[in-house]
Structures are given as structure tokens and as C-alpha cells.
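See structure below.
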Amino acid sequence: MDTAFLINKLAEAHDLSDEELKDLIEDKTSNAPLAAAADKVRREVYGDEVFLRGLIEFTNFCKNDCYYCGIRCSNRQAERYRLTPEQILACCKEGYALGYRTFVLQGGEDPYFTDERVCEVVSAITKSFPDCAVTLSIGEKSFESYKAFRDAGARRYLLRHETADLAHYGKLHPPALSAENRQRCLFDLKKLGYQVGSGFMVGSPYQTTENIVSDIRFLQRLDPDMIGIGPFITHKQTPFADFESGSLELTLRLLSILRLMFPHVLLPATTALGTISPVGRELGLKAGANVIMPNLSPVNVRELYQLYDNKICLGEEAAQCRGCLERRVESVGYRIVTDVGDVKRQDKTNG
Ligand code: SAH
């Protein structure tokens with residue numbers, strides 16, 4: 001296989017055949033040429049800018065039972081918490097002072113947070129911080145619920161499709177959850193005018209290269225504004241306790257492939273990437289990522305929101321974290337900006 005040929009073709013055509021994609025994903029030569037090509041494209045579109053998203057993990061109650069996730073409802077050892085609207089607003093206030101202009105409210109699917117309660121929190125944030133974007137990441141809901149959140153002021157929604165392959169989806173989730181419904185949610189969110197983020201875990205149990213090719217094809221159909229990928233990381237209190245975590249190298253390869261296929265997409269160097277390697281996020285940026293999503297949750301609840309083991313930054317105050325990140329980002333030649341950080345699309349504007 002001619003790696004250089006595939007990289008050039010991907011950079012020019014933003015696509016490859018299934019067979020070529022599979023070869024490039026499985027290529028065992030150095031990641032360096034692929035990362036360099038991705039970084040070139042990233043700099044053409046986004047320069048050296050890195051956007052921040054302040055992540056507020058506001059509840060770890062969840063009615064779902066995803067086999068990989070530490071806050072699944074069957075994990076009786078997980079100590080549960082939820083933040084009050086006042087606590088959530090305090091996180092935003094702290095984040096705003098540190099230059100954050102996007103707040104991502106993420107949580108388990110917590111029935112306590114009815115549509116009405118979610119809308120109240122979203123409206124309160126948009127009222128207090130009119131120059132900020134509110135992003136929700138609270139799982140699968142009806143079209144009507146998504147519409148209500150949008151009307152309350154939410155502009156963005158993160159919902160990873162997890163895996164596009166129906167059989168693989170069935171191996172990661174209990175029968176109550178389906179890939180079809182998750183995908184329906186994503187298309188509903190697009191119809192409602194959200195900026196949408198999707199994505200998948202790298203190296204999840206039973207994942208094959210063919211599955212990853214299907215994930216990429218699904219993303220081409222969905223055409224999301226953000227693609228979140230990170231390694232699967234084992235959580236001991238789940239049915240997948242004995243599976244190995246996903247690899248750094250494969251995650252980096254995929255970040256670069258995604259940057260070349262979707263030049264304008266927002267691509268986070270995820271916390272999971274920073275967890276499997278002390279310089280994972282820096283390497284992610286060098287491989288084509290342009291977003292970091294630091295934790296703005298109160299320090300006393302951070303260790304309770306453990307989707308996977310050994311999550312980083314559990315003890316750091318937001319301000320400390322901001323300084324640390326700045327140094328990390330600059331160490332690899334990029335720059336954090338105070339910006340709402342909208343996607344730079346050529347084909348349409350986003351609001
Ligand atoms: N309840 C929300 C938020 C889920 S948590 C929702 O349904 O979208 C956000 C993401 O963390 C998930 O989409 C999943 O891809 C990832 N995640 C969960 N468990 C993980 C694990 N063990 N390792 C790595 N990533 C994990």
C-alpha cells in the first residue's frame with residue numbers, strides 16, 4: 001500500500017473508497033505524514049486557534065444501562081448527584097470570567113430534569129450570558145423536547161451516534177436502546193437548526209475496521225458541525241471491565257482522517273484522549289483537532305462523573321485548569337481564543 005498516495009488523495013478529494021479507507025486506518029507506518037497533512041488543512045481553515053467548550057456535568061443519574069459507561073443505572077456503586085440551577089449558573093459565571101463563551105451541559109438521562117427544568121436552566125444561562133452558546137448533551141429525546149430546548153435558547157447539541165453498525169450497537173447497549181432511534185434524534189436535531197455534534201468511541205469492545213468505515217460513512221450522511229471521538233476506556237464497574245481500552249495511535253490516525261475528510265468540522269481533543277496519554281490532547285491538536293472541552297463542574301462532584309476509570313483533571317479548580325491548558329496548547333504551537341467558536345462552514349452560516 002502507498003500511504004503517501006492515500007493521504008494525498010484524501011486531502012484532495014476529501015474521500016476514499018471503503019477499501020482505501022480501511023487500508024489507511026489499519027496502516028502501521030508512522031502517523032507523522034498523516035498528522036502533518038491534517039494539520040495543514042486545519043491551519044488553512046482555523047489557523048492556530050483552539051476553541052474552548054466549558055463542560056458542566058450537571059447530573060450523573062441515568063436511566064440507561066450502556067454496557068461501557070460508568071454511570072449506567074446498574075452501577076450501584078456510583079454515588080449519584082445533580083447540580084442545582086444555581087450551581088450550574090455559578091459554573092458558567094466562573095467560566096465566563098476565564099474566557100469561556102460556550103457552556104456544554106452534559107449529563108446522564110436523568111428523569112428529574114424534565115423538559116421544563118432543562119428549559120429553565122437554558123433560558124437562565126442565555127439571559128445571563130447573551131454572548132455565549134449553550135450546548136446540551138443529555139441524550140435521546142423526542143422531536144418536541146428538542147424543539148422546546150431550542151426555543152429556550154439552546155444552539156448546539158452533542159449526541160454521539162456511538163456506532164453506526166446496528167449489530168455492533170446491539171453489543172454495546174441493552175435492547176431498550178437502538179441505533180435507529182439515536183440516529184433519528186440526530187436528524188431531528190439538524191432539522192431544528194441545532195449545530196450538531198456526533199461521534200464514536202475508538203476501540204470499543206467488538207469494534208472492527210469495517211465498523212469504523214461505517215461510522216465515517218454515517219458522518220458523511222449526517223454532515224455534523226462537530227465530531228467527537230475518543231478512545232474507549234475501561235470502567236471496572238461495568239460489564240466491559242475485562243476489555244482493553246482503545247489505543248492512542250488509532251485515535252490520532254482517525255482524528256487526522258476526519259480532518260482531511262471534513263476540513264471545516266470542529267474536532268475536539270477529548271478528555272478521554274488526555275486520559276490514555278499525559279500528552280494525548282496535545283498530540284490530538286497536532287493531528288488535526290481544534291477544540292478542547294475542559295471541565296467546569298464543581299471540584300467536589302468531578303470524581304462522581306466517571307464514565308471511565310482514571311479520568312484527568314479531577315482535582316483542579318477551573319482557573320488552574322485554564323492556565324495549565326494554555327501552556328499545553330502553546331507548547332504545541334497553537335493558541336486558545338476567547339470566542340464562541342462557531343464552525344467555519346463554506347456552504348452556509350450558522351446561528
Ligand atoms: N447521556 C449523554 C451523555 C453521554 S456521556 C448521551 O447519551 O449522549 C458522553 C460520551 O462519553 C458518550 O457518548 C460516550 O461516547 C462516551 N463514553 C461513555 N463511556 C465511556 C467509556 N467507558 N470510555 C470512553 N468514552 C465513554
Side-chain angles (χ1 to χ4, degrees), residues 53 55-75 78 80 82 104-113 118 135-141 145-146 149 154 156-164 168-169 172-174 176-179 181-186 188-189 194 196-207 211-212 215 219 224 226-248 250-251 254 268-277 280 293 295 297 304-312:
R53 311 294 199 222
L55 189 63
I56 303 170
E57 300 155 338
F58 70 100
T59 173
N60 74 349
F61 283 87
C62 192
K63 67 180 169 66
N64 292 333
D65 215 13
C66 308
Y67 302 151
Y68 45 84
C69 184
I71 64 167
R72 63 200 300 269
C73 63
S74 293
N75 183 8
R80 305 288 168 170
R82 55 174 75 93
V104 181
L105 301 188
Q106 190 179 84
E109 290 194 19
D110 178 357
Y112 172 85
F113 278 99
V118 171
T135 305
L136 290 174
S137 180
I138 53 175
E140 298 174 31
K141 308 276 173 179
S145 299
Y146 289 144
F149 306 154
R156 303 181 179 145
Y157 206 100
L158 304 184
L159 185 81
R160 290 185 175 178
H161 66 277
E162 309 299 359
T163 173
H168 186 222
Y169 197 95
L172 303 181
H173 301 93
L177 296 171
S178 75
N181 192 52
R182 207 152 173 97
Q183 295 179 13
R184 185 272 304 159
C185 289
L186 284 161
D188 279 357
L189 289 161
Y194 281 94
V196 171
S198 194
F200 57 93
M201 288 179 288
V202 177
S204 58
Y206 312 107
Q207 185 182 55
N211 292 155
I212 298 175
D215 288 325
L219 291 167
M226 178 182 273
I227 299 176
I229 63 163
F232 158 74
I233 302 178
T234 315
H235 189 297
K236 295 258 161 28
Q237 296 157 3
T238 64
F240 289 160
D242 293 332
F243 282 87
E244 264 180 48
S245 297
S247 85
L248 174 68
L250 183 57
T251 309
L254 288 170
T270 54
T271 306
L273 189 57
T275 298
I276 52 163
S277 156
M293 305 180 59
N295 200 324
S297 313
L304 304 180
Y305 196 84
Q306 293 243 36
L307 309 179
Y308 46 78
D309 289 333
N310 306 318
K311 191 171 151 197
I312 52 171

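From a predicted model like this one, the values you see are computed outputs, not experimental measurements. The basis for the numbers below is simple: all heavy atoms, side chains too, and nothing from hydrogens, waters or symmetry mates. Both counts, for ligands and for their atoms, begin at 1 and track the order of listing.
The CD1 atom of Ile229 lies 5.0 Å from the CZ atom of Phe200; values are rounded to the nearest 0.5 Å. Here the straight-line distance linking atom CZ of Phe58 with atom CG of Leu136 works out to 7.0 Å at 0.5 Å rounding. The SG atom of Cys69 sits 10.5 Å away from atom CD of Gln306, with the distance rounded to the nearest 0.5 Å.
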Stepwise ring-ring contact (aromatic ring centres under 6.0 Å, His included) check, Phe61 with Tyr112: CA-CA 9 Å; Phe61 283 87; Tyr112 172 85; 8.4 Å; no
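No option in His173, Glu140, His161 other than Glu140 meets the side chain to side chain donor-acceptor pair (under 3.5 Å) test with Arg182.
Here atom 8 (O) of ligand 1 lies nearest to Arg182 when heavy atoms of Arg182, Glu57, Arg160, Lys141 are compared. When the options Gln106, Gln306, Arg72 are ranked by their closest heavy atom to atom 9 (C) of ligand 1, first place goes to Gln106.
Residue contacts with ligand 1 include Pro231, since one or more of its heavy atoms lies under 4.0 Å from the ligand.
Near Cys69, meaning under 4.0 Å from one of its heavy atoms, ligand 1 places the atoms 19 (N). Proximity to Leu159 (heavy-atom distance under 4.0 Å) selects the following atoms of ligand 1: 8 (O).
In the displayed structure, Asp242 atom CG is contacted under 6.0 Å by at most 12 heavy atoms of other residues, nucleotides or ligands.
Annotation: atom 21 (C) of ligand 1 to nearest protein heavy atom, Ile233 O, 3.6 Å. Of all protein heavy atoms, the one lying nearest to atom 26 (C) of ligand 1 is Met201 SD, 3.5 Å. Given atom 5 (S) of ligand 1, the protein heavy atom at minimum distance is Leu307 CD1, 3.6 Å. Considering only non-hydrogen protein atoms, atom 12 (C) of ligand 1 sits nearest to Glu162 OE2, 3.3 Å. Shortest contact from atom 19 (N) of ligand 1 to any protein heavy atom: Tyr68 CD1, 3.3 Å. Here the heavy atom of the protein found nearest to atom 3 (C) of ligand 1 is Gly107 O, 3.6 Å.
Asn211 and Thr163 share no donor-acceptor pair across their side chains, judged by distance under 3.5 Å alone.
Two rings, from Phe232 and Tyr68, have their centers 6.0 Å or more apart.
By the definition of a contact as any protein heavy atom under 4.0 Å away, atom 24 (C) of ligand 1 is in contact.
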